[in-house]
Colleague: 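Mind looking over this structure? Questions follow.
Computed from a predicted model, the values in this text were never measured in an experiment.
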Amino acid sequence: MTALLITVDTELSASLQQRGVDLDDNIRRSIWAEAQGQAHGIGWQMDMLDRHGLKGVFFLDPLPALVHGADFLTPIVTAIVERGHEVQMHVHTEWLAWAKESPVGGRQGRNIGDFTLADQIVLLGLARQLLEQAGAPAITAFRAGNFGANDDTLRALAAIGLSWDSSVNPAYLGHDCHIDADPGEIGASRLHGISELPVSGISDRPGRFRPAQICAMSAAEMRAGLRHAAQEGHDAFVIVTHSFEMLSRDRQRPNGAVKARFVALCREAARLPQIRGAGFHDLPGDLADRAGRSLTRVPPSRLRTGLRIAQQAWSTWRYEHRLVPA
């Protein structure tokens, strides 16, 4: 069986904070993704997951608590946990710019990997504490905001007792992500005392990696990647989306194309007998220590890639530029 981890980076917008948007409005637009009188965020995503018997992993960023206090976290954690989904840890260190009391002596950075090992241990330990105090079961996994981790991030996670990281996205290696990882690694591996489970993807062109992110892949590409993983017997397939990803970039209207992809993913996963929805709590602890196998990604298809490019262009015209009424 291939474990399907549908991961949702669940976060307030630092950009909206910078523009003076208040906490309640930021939560409404970024977590619940409300637009035009309806919600398209984590509540809608959980509805779709529940409908198809799947499980979501919600990587929740608690660092805005340094600015707004921790009370806002509890309703979000409760909503996720009560529906049987998983809360794990996410961190965007941009929020330190507005922190009332800095836990790292006023030092700032865009990414967690911009900090020393000692500072990372402090920040990650605080983030875990905030989530667990808000009602999350024991945190065992982490993903860096912007995938901006480095090897010290893994060492810091091991130091505070976490088991899993999912900050390696081959599309970000050498850019925001500075973990010394093999971009061709498909399964879990052991790095600096942590089990690293990278974001999955396909080869959309020769030598090019396309991450399994809802807004980045067409439904056909996602279906091809998922079927290939099931047929090859991959241990896990990791998909990425965001709490606000079902909206247009300005968060003023739902993006019907992205929502349709999410629904298509759920339907495909539900009909594949080799796929089981899972969270990090469901994965065997020795997954990264098992004997390596020669696994591959879906090879490129000009037709599949061309169709996605055309679909993306149409979606951008319709939902971003609003030339066609939604």
Colleague: Step by step, would you call L154 with D152 a side-chain contact (heavy atoms from CB on, under 4.5 Å)?
Modeller: CA-CA 5 Å; L154 304 185; D152 275 347; over 6 Å; no
Colleague: Grab the two heavy atoms, one from R210 and one from M217, that are nearest each other, plus how far apart they are.
Modeller: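 Heavy atoms only, the tightest pair is O-CE, 3.3 Å.
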Colleague: Look at R304 together with D204 and state whether they make a salt bridge at an N to O cut-off of under 4.0 Å.
Modeller: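 Salt bridge: no.
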Colleague: If you measure only the distance, is there a donor-acceptor pair under 3.5 Å linking the side chains of N26 and H68?
Modeller: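 There is no such pair (donor and acceptor under 3.5 Å, judged by atom type) between the side chains of N26 and H68.
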Colleague: A35 and H40: which non-hydrogen atoms are nearest, and at how many Å?
Modeller: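 In this case the closest contact between A35 and H40 is O-NE2, 3.5 Å.
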Colleague: Using only heavy-atom distances, determine whether the side chains of E245 and Q213 contain a donor-acceptor pair under 3.5 Å.
Modeller: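 Yes, side-chain donor-acceptor contact under 3.5 Å.
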Colleague: Is it true that D176 and N146 share a donor-acceptor pair across their side chains at a distance under 3.5 Å?
Modeller: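 The answer is no; no qualifying pair exists.
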Colleague: Angle class for the F59/H90 ring planes (parallel below 30°, perpendicular above 60°, tilted otherwise)?
Modeller: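 Ring orientation of F59 relative to H90: tilted.
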Colleague: With the threshold set at 4.0 Å, does a side-chain nitrogen-carboxylate oxygen contact exist between D22 and R28?
Modeller: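 Salt bridge flag = no for R28 with D22.
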Colleague: Any idea how H234 and H228 line up, ring-wise: parallel (<30°), tilted (30 to 60°), or perpendicular (>60°)?
Modeller: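 Plane angle over 60°, so perpendicular.
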Colleague: Would D119 and R107 pass as an ion pair if we require N to O under 4.0 Å?
Modeller: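 Salt bridge: yes.
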Colleague: Classify the ring geometry of W164 against F280: parallel below 30°, tilted from 30° to 60°, perpendicular beyond 60°.
Modeller: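 Correct class here is tilted.
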Colleague: Taking the six-membered ring of F244 (Phe, Tyr or Trp), confirm whether the NZ or CZ of R251 is under 6.0 Å from its centre and within 45° of its axis.
Modeller: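 The answer is yes, since R251 meets both limits relative to F244.
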Colleague: Ignoring hydrogens and angles, state whether a donor on the side chain of S166 or R143 is under 3.5 Å from an acceptor on the partner side chain.
Modeller: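 Judged by distance alone, the side chains do pair up.
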Colleague: Would you call R110-D114 a salt bridge at under 4.0 Å N-O?
Modeller: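 No, R110 and D114 are not salt-bridged.
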Colleague: When you check the side-chain N and O atoms of Q38 and Q36, is any donor under 3.5 Å from an acceptor?
Modeller: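 There is no such pair (donor and acceptor under 3.5 Å, judged by atom type) between the side chains of Q38 and Q36.
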Colleague: Is the closest side-chain heavy-atom distance between D24 and F72 below 4.5 Å?
Modeller: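 Answer no - side chains too far apart.
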Colleague: Assess, by modelled atom type and distance only, whether the side chains of T93 and Q108 contain a donor and an acceptor separated by less than 3.5 Å.
Modeller: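 Looking only at side-chain atoms, Q108 and T93 do not form any donor-acceptor pair under 3.5 Å.
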Colleague: Which value, rounded to the nearest 0.5 Å, describes the distance between H52 atom NE2 and D47 atom CG?
Modeller: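 Going from the NE2 atom of H52 to the CG atom of D47 covers 11.5 Å.
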